[in-house]
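Numbered from 1 within each chain, the chains take letters A, B, ... in sequence-line order.
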Amino acid sequence: MSRYVLRRIAAMIPVLFGILLVVFVMVRLIPGDPCLVMLGERATKAQCEAFKERFGLHDPLPVQFVRYTIQILQGDLGTSISTGRPVAVILAERLPMTIELTIGAILFATTVGITLGILSAIHQNSPVDVMTMVLANIGVSMPVFWLGLMLAYVFALVFKDTPLFLPPSGRLSPGITLPPLARVWGLEGVEGFPRVALIFLSNSVFFNSLITGNIAAFWDAVRHLILPSVAVGTIPLSIIARMTRSSLLEVLGEDYIRTARAKGLRERIVLARHAMRNAMIPIVTVVGLQTGSLLSGAVLTETVFALPGVGTQLVSAILARDYPVVQGFTLAVAIMFALVNLIVDLSYAYLDPRIRLE
Amino acid sequence: MSAIAPPLTRELAVPRRSPTMEALRRLVRHRSAQVGFFLLGLMVFVAIFADVIAPYDPIRPLKDVQRRAPPCIHLLGCPRDQPQHLFGIDGNNRDLFSRVIYGSRLSLQIGFSTITFAIIVGGLLGAVAGYAGGWVDNVIMRVMDVILAFPSLLLAIAIVSVLGPGLINALLAIGFVSIPVYARIVRAAVLSVKELDYVMAARAVGASPLRVLFVHILPNALTPLIVQGTLGIATAILDAAALSFLGLGAEVPKPEWGLMLGEERNSVFNAPHLVFFPGLAIMLTVLAFNLLGDGLRDALDPRLSYRGYEKRV
């Protein structure tokens, strides 16, 4: 297994290199003078020269690329044009929100999706099955942002003043704040990577509220995350439900299932221990493939629910032509996506020993 | 008991059909394909006759109407002396129904144009990669891998940020990120038949490489291309709507569904109809292509359909 893990990690290096190259080339493809793009239209000639000298833009492109790669490896993502703050710090503030939303959506999509898929498969062609599959077809066809807006309308306005009310926007209710962990732990003087890590942890609302024992803030955060997670998770849920159904139906037709039933095992054991274990591989594949759509969905959903995540920042950076932020954020999301794909590949190997030996 | 089987009667004999007819028969009988055909037919009808169906101009604001007024439908009790507005009035005093109707044109054009672009470029790249092999294949397919390493909508957003917001740029971006899927399909088809005898025979009688590729090899890729293309149109329409929703696609005042949603997203609590109807239109169009794609897959390539299903029935 460890050899397989090493091989898969080694295979990721060219992909990461490619991602880096794409992001590097992307910003250099922007039409016009990079100096005017970076400093704004009113930059003078002298300012431009100083800018180009400072960022080494007079050097040949390969030299620039090597320098860029070294910078990235040192954790330096550049500085935002519009705010003058390091991109790494902005990323550390924004990333926790998107990760929390993605995890919430995965939890929703897999638990509900697999349950519905199993129900459909064991009651094949029953009204439950037909209903689930019709809903799954509708689910994959819904624009994420539309579903988000409709959910906000129903749960925040129609169910207002009922126990079903859920907040339609923001990460926490007004009045609830969480202290930066640097202050809580008396680490305000630290610099460099530990500071970025502290910012990241402080902005992970779940982590911060639990570690500081603020249960009210924790529940508030959970309530704020439900609607966005449902919106982001609906498309993956539909696909997972369909895949679980077809995968389980295929396995249930196998001879060893008949053997298991024939020797008198209870249906529950047959399902859980014999059928689901083998049906899981295509399901895990689909869950992994859906992370891309989850990340994209998170970007859109954050805009709808006014959540301070990567997506809202990315869109505002694009509209403000803040290229270092666009570059850094695109890179971060692509690397996250690549890591998730790696985890999915490793989990196949765990589920199906044949893959390791190939 | 006779040892000889009874002669095949006329009733027992199964009529022979060509594979095309057989696939068509399966498609027409497929339940979700039927629904998909119906919805898509409706969309195409609406798009073609938008001028006739839409009661008002989709761009020009109306006079004497209340901004963001809710729907007024005579059949549902709206007073007869008021003009009928099926989907209500939008934030710029325009009839929303007319805008949604005209939007069908734009969405179908978006879906077809991006995927046609992706199929042509991706198909050519895949064909060259599969046919040439060696380092050409390696270079092309590794570039495709890198494109696939990004979540597609995010890469499209990044490309639009470079090209600048606008509908054409958004379409280019969506077309571009769709290329790898088609390149892979065509390459696989080329590889699977390249060494077969009939291709060798064609080459031996002196057919040019282009002729071999287009006449003898590429028809094998047609089935997966049609299926993937149909499903791809659904994704393209969703992605284009998303880009417009974020303000990176179609410009005001184009009647684009995603843009309509984006413009009115802050009025969802006081005028939900302005968000509901454009989204419903997107959903129905995407649903049509998804259902049709599923049906086509089951009809054209029975191997790809759910095997377990047949086993148990």
What distance do [X] atom [atom1] and [Y] atom [atom2] have between them, rounded to the nearest 0.5 Å?
{"X": "A/S141", "Y": "B/L238", "atom1": "OG", "atom2": "CG", "value": "7.5 Å"}
{"X": "B/F150", "Y": "A/M26", "atom1": "CZ", "atom2": "CE", "value": "7.5 Å"}
{"X": "B/L287", "Y": "A/M142", "atom1": "CG", "atom2": "CE", "value": "10.0 Å"}
{"X": "A/I138", "Y": "B/N290", "atom1": "CD1", "atom2": "CG", "value": "11.5 Å"}

Of the backbone (N, CA, C, O) and the side chain (C-beta and beyond), which part of [X] lies under 4.5 Å from a heavy atom of chain A, both, or neither?
{"X": "B/L291", "value": "side chain"}
{"X": "B/A158", "value": "both"}
{"X": "B/V286", "value": "both"}
{"X": "B/F245", "value": "side chain"}

For a 4.5 angstrom cut-off between non-hydrogen side-chain atoms, does [X] reach [Y]?
{"X": "B/D294", "Y": "A/R242", "value": "yes"}
{"X": "A/F145", "Y": "B/L261", "value": "yes"}
{"X": "A/W146", "Y": "B/L280", "value": "yes"}
{"X": "A/F329", "Y": "B/L154", "value": "no"}

Crowded around [X] [atom1]? As in, over 12 foreign heavy atoms under 6.0 Å?
{"X": "A/Y256", "atom1": "OH", "result": "yes"}
{"X": "B/R67", "atom1": "CZ", "result": "no"}
{"X": "B/F176", "atom1": "CZ", "result": "no"}

| message | Looking at every heavy atom in both B/A149 and A/F337, which two are closest together, and how far apart are they? | response | O-CD2, 2.9 Å

| remark: B/V275 and A/L149 have their tightest heavy-atom pair at CG1-CD1, 3.6 Å

When [options] are compared by non-hydrogen pairs under 4.5 Å with chain B, the top option:
{"options": "A/V15, A/V144, A/T303, A/L21", "result": "A/T303"}
{"options": "A/V23, A/N137, A/V315", "result": "A/N137"}
{"options": "A/L147, A/V299, A/V134", "result": "A/V299"}
{"options": "A/P143, A/G18, A/G311, A/P168", "result": "A/P143"}

| request: Check each atom of A/L314 against the heavy atoms of chain B and say whether the ones under 4.5 Å are side chain, backbone, both or neither. | output: side chain

| task | Sort A/V140 into side chain, backbone, both or neither according to what part of it lies under 4.5 angstrom from a heavy atom of chain B. | result | both

| Between B/T235, B/L148, B/L153, the one whose heavy-atom pairs under 4.5 Å with chain A are most numerous | B/L153

